[in-house]
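To start, the structure under review is shown below, and the notes come after it.
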Amino acid sequence: MSEFPKIISVDDHVVEPPDTWSSRLPQRYADVGQRIVYAPAGEVVFRGGKLTITPGKKGEGPEAAFWFYEELRRPLMRLDAAVGFPRDDVDLRLVGYDDMRNGDRRVPERLADMDQNWIEWSLCFPTFPRFCGQTFLEAKDKVLADLCVKAYHDFI
């Protein structure tokens, strides 16, 4: 063997771009469909193994990107896209898209990151939809949820 074979990564993740759903859903879902809102962190609660972070009010601190979907408010966290950061900096801090590498959501940059990390193939899991689209399965509006799954499919 003249060179070490490249890796097949079976546990990679995608952080969906901010317009994944807003650019693909019908306009009538603009206020309830998944969208990004920048807001400071408000209340942070970790109870029963569940982390809940509620957005704060404008001007109450540094802003992070939150996915808004129905009543769900899910922030982007350093842990969602930790590549390129020292291990001690990988935590649950709230971030925005500018705080992450572009390879988490853009194909050319992801391929460059894969080359740098000696990865030939990558199995990518979603971030916001969660495994198997649980976020949409748990949603109230099943018509919207179905449209969101289709929009994610079109993105990926």
Side-chain angles (χ1 to χ4, degrees), residues 1-26 29-30 32-42 44 46 49-56 61-70 72-139 144-156:
M1 180 182 315
S2 62
E3 100 179 2
F4 191 77
K6 287 192 171 185
I7 296 167
I8 297 173
S9 176
V10 296
D11 189 12
D12 281 352
H13 294 261
V14 170
V15 174
E16 298 79 19
D19 69 341
T20 300
W21 290 274
S22 61
S23 67
R24 292 173 175 85
L25 291 175
Y29 291 107
V32 292
Q34 191 280 351
R35 64 211 175 276
I36 289 292
V37 174
Y38 276 84
V44 178
F46 189 70
K50 183 178 180 183
L51 177 67
T52 304
I53 303 170
T54 306
E63 292 191 344
F66 281 81
W67 280 307
F68 278 40
Y69 175 67
E70 292 186 333
L72 178 62
R73 306 295 182 254
R74 201 294 197 176
L76 290 179
M77 294 179 277
R78 168 72 65 223
L79 189 60
D80 292 328
V83 66
F85 292 94
R87 181 174 287 207
D88 290 343
D89 289 343
V90 177
D91 53 25
L92 297 176
R93 82 183 73 183
L94 305 189
V95 298
Y97 283 93
D98 291 341
D99 301 313
M100 295 185 273
R101 293 175 63 86
N102 290 328
D104 66 355
R105 63 193 176 279
R106 295 184 185 147
V107 174
E109 290 92 336
R110 183 167 204 106
L111 293 173
D113 286 348
M114 288 171 63
D115 285 344
Q116 184 176 1
N117 288 315
W118 209 246
I119 295 173
E120 185 169 8
W121 297 90
S122 176
L123 177 61
C124 295
F125 293 96
T127 298
F128 178 76
R130 298 175 21 232
F131 296 106
C132 305
Q134 292 154 303
T135 298
F136 303 121
L137 179 66
E138 296 165 356
L144 174 57
D146 183 58
L147 290 169
C148 287
V149 169
K150 290 173 181 172
Y152 181 84
H153 182 266
D154 289 346
F155 153 69
I156 206 70

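Along the sequence shown, residues are numbered consecutively beginning with 1. Computation of the quantities below employed the complete heavy-atom set of this structure, encompassing side-chain atoms and omitting hydrogens, waters and symmetry-equivalent molecules. Just so it is clear, the model here is predicted, and its values are computed rather than measured.
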In Å, rounded to the nearest 0.5 Å, how long is the span from [atom1] of [X] to [atom2] of [Y]?
| X | Y | atom1 | atom2 | result |
| --- | --- | --- | --- | --- |
| T20 | L25 | OG1 | CG | 10.0 Å |
| F85 | L79 | CZ | CG | 12.0 Å |
| S122 | M114 | OG | CE | 5.0 Å |
| F46 | L92 | CZ | CG | 8.5 Å |
| R105 | F155 | CZ | CZ | 10.0 Å |
| R35 | Y29 | CZ | OH | 13.5 Å |

- Are I36 and W67 side-chain neighbours, meaning at least one heavy-atom pair lies under 4.5 Å? yes
- Is the shortest heavy-atom distance from the side chain of P26 to the side chain of L147 under 4.5 Å? yes
Heavy-atom pair of closest approach, residues [X] and [Y]:
| X | Y | value |
| --- | --- | --- |
| P55 | A39 | CB-CB, 3.9 Å |
| P17 | Y97 | C-OH, 3.7 Å |
| P129 | F136 | CB-CE1, 3.7 Å |
| C124 | V14 | CB-CG2, 3.4 Å |
| R110 | D104 | NH1-O, 3.5 Å |
| L76 | G96 | CD1-C, 4.4 Å |

- Inspect the surroundings of CG in D98 and state if more than 12 heavy atoms from other residues, nucleotides or ligands are less than 6.0 Å away. no
- Message: For the CD1 atom on I8, are there more than 12 heavy atoms of other groups (residues, nucleotides or ligands in this structure) within a distance under 6.0 Å?
- Response: no
So, [X] side chain and [Y] main chain: donor-acceptor pair closer than 3.5 Å or not?
| X | Y | result |
| --- | --- | --- |
| N117 | I119 | no |
| T135 | F128 | yes |
| E16 | T127 | yes |

- Item | Selection residues 73-82 - residue pairs positive for side chain to side chain donor-acceptor pair (under 3.5 Å), sequence neighbours left out | R74-D80
- Message: Under 4.0 Å between a side-chain nitrogen and a carboxylate oxygen: does that hold for K150 and D146?
- Response: yes
- Message: Quick check: Y69 with W21 (ring centres under 6.0 Å apart)?
- Response: no
- Message: Restricting to side chain to side chain donor-acceptor pair (under 3.5 Å), what partner residues turn up for D11, sequence neighbours left out?
- Response: H13
- I would like to know whether Y152 and V149 meet side chain to side chain contact (heavy atoms under 4.5 Å, CB included); could you show each step before the answer? CA-CA 5 Å; Y152 181 84; V149 169; 5.8 Å; no
